[in-house]
Protein chains: 2
Amino acid sequence: MTATRSTRQRDVIARVLDAAPGPLAVPEVLSRAQSDLPGLGIATVYRTLKLLTDQKRIHPVTLDGETRYETAGKGHHHHFSCTRCGRVFTLHTCPVALPSGTVYPGGFIVEAHEVTLYGQCPDCAGA
Amino acid sequence: MTATRSTRQRDVIARVLDAAPGPLAVPEVLSRAQSDLPGLGIATVYRTLKLLTDQKRIHPVTLDGETRYETAGKGHHHHFSCTRCGRVFTLHTCPVALPSGTVYPGGFIVEAHEVTLYGQCPDCAGA
DNA sequence: TTAGTTGCAAACCATTTGCACATCA
DNA sequence: TGATGTGCAAATGGTTTGCAACTAA
């Protein structure tokens with residue numbers, strides 16, 4: 001069978017995602033992880049993201065055609081994408097009330113929902 | 001300067017998108033358009049989708065890492081992605097009330113929002 | 001006629017995979 | 001030591017682009 005090893009690379013990548021204020025794109029993960037591990041290769045980043053995803057420790061989020069990754073287990077949350085600086089933040093309040101099982105007009109049975117807000121993040125709004 | 005010509009290919013592709021019940025992925029656009037225009041090439045589909053997007057006649061929607069295209073000017077709406085059959089539908093009711101200018105907790109100024117509902121479409125729920 | 005468009009094949013580019021070397025246990 | 005993991009380079013696969021033939025106006 002297939003054992004899974006703990007390595008420096010995996011630890012660093014997982015830590016980078018934990019420390020982020022929102023989901024990160026692959027190049028962001030790579031460059032942040034490289035400040036701790038200069039030699040880190042992009043292939044390892046992809047392999048590790050896939051591994052952590054399979055282990056449900058992180059999960060992918062697609063925003064504007066770009067796949068980002070975030071730590072799992074943050075509970076129900078949504079995202080805010082800043083139209084000025086492009087950064088993505090995690091929001092912990094939810095603007096919709098659609099419990100699983102809600103039947104939407106037309107006969108659509110809702111099991112989950114995803115919300116993305118677009119606008120100016122606090123930094124950009126202040127400038 | 002650059003004039004834009006009306007062609008069979010462009011008409012067919014635009015019509016395919018108009019007729020769809022929701023945003024279509026590139027392979028869906030290609031195969032549907034090919035029933036009218038067997039020789040249609042994938043490059044033309046990509047070029048036309050880009051052209052129509054630039055003209056604001058359609059616009060891209062990213063769902064689960066896949067870029068889809070839908071006719072513009074349908075007014076405010078959202079999407080429902082069926083977890084059984086994978087089809088995507090356009091919904092004309094909106095479950096959130098966040099007018100542009102709303103300030104979200106944390107100081108995020110909301111300009112727009114996007115909602116995707118996941119669950120069973122009427123067909124799959126009935127089966 | 002002729003600028004604009006198309007299909008094909010080559011080019012691109014982000015992501016994945018093969019392999020020899022390195023490393024965790 | 002042996003099974004895993006890593007970095008590098010090659011392979012993939014979806015999307016874009018160059019080019020010669022085609023076509024709308």
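By convention in this document, chain letters (A, B, ...) are assigned in the order of the sequence lines, proteins followed by strands, and residues within each chain are numbered from 1. The analysis underlying the following values was restricted to heavy atoms, covering all of them including side chains, and did not include hydrogens, waters or symmetry mates.
Donor-acceptor pairing under 3.5 Å is recorded for the side chains of E111(B) and T83(A).
Looking at E70(B) and R68(B), no side-chain N of the basic residue comes within less than 4.0 Å of a carboxylate O on the acidic one, giving no salt bridge.
Residue R10(A) places its side chain closer to dT6(D) than to any other of dA25(D), dC19(D), dT6(D). For Q9(A), whose side chain is taken as the heavy atoms from C-beta onward, the closest listed nucleotide among dC8(C), dT5(C), dG7(D) is dG7(D). Checking dA25(C), dC8(D), dT5(C) against every side-chain atom of T4(B), the shortest atom distance belongs to dT5(C). Closest approach to the T44(B) side chain among dT17(D), dT6(C), dG4(C) is made by dT6(C) (side chain taken as heavy atoms from C-beta onward).
Heavy-atom contacts from other residues, nucleotides or ligands closer than 6.0 Å to CZ of R84(A) number more than 12. The neighbour count for R57(B) CZ, taken as heavy atoms of other residues, nucleotides or ligands under 6.0 Å away, does not exceed 12.
Between the C1' atom of dT17(D) and the NZ atom of K50(B) lies a distance of 12 Å, rounded to the nearest Å. One can place CG of L49(A) at 15 Å from P of dG5(D), the figure rounded to the nearest angstrom. Put simply, CD1 on I42(A) is 15 Å from P on dA9(D), counting in whole angstrom units. Rounded to an integer number of Å, the gap from CG of D36(A) to P of dT6(D) is 15 Å. A straight line from CG of L40(A) to P of dA22(C) spans 18 Å, rounded to a whole angstrom. Atom CG of D54(A) and atom C1' of dG5(D) are 16 Å apart (whole Å). Between the CG atom of L37(A) and the P atom of dG5(D) there is a distance of 16 Å, rounded to whole Å. Straight-line distance from the CZ atom of R8(B) to the P atom of dG4(C): 22 Å, rounded to whole Å.
Each of R5(B) and V26(B) was matched to the nucleotide of DNA chain D holding its nearest heavy atom; the match closer to the 5' end belongs to V26(B). Map T7(B) and P27(B) each onto its nearest nucleotide of DNA chain D; the residue landing nearer the 5' end is P27(B).
F80(B) and L63(B) are assigned to two separate hydrophobic clusters, defined by single-linkage of ILVMFWY side chains at heavy-atom distances under 4.5 Å.
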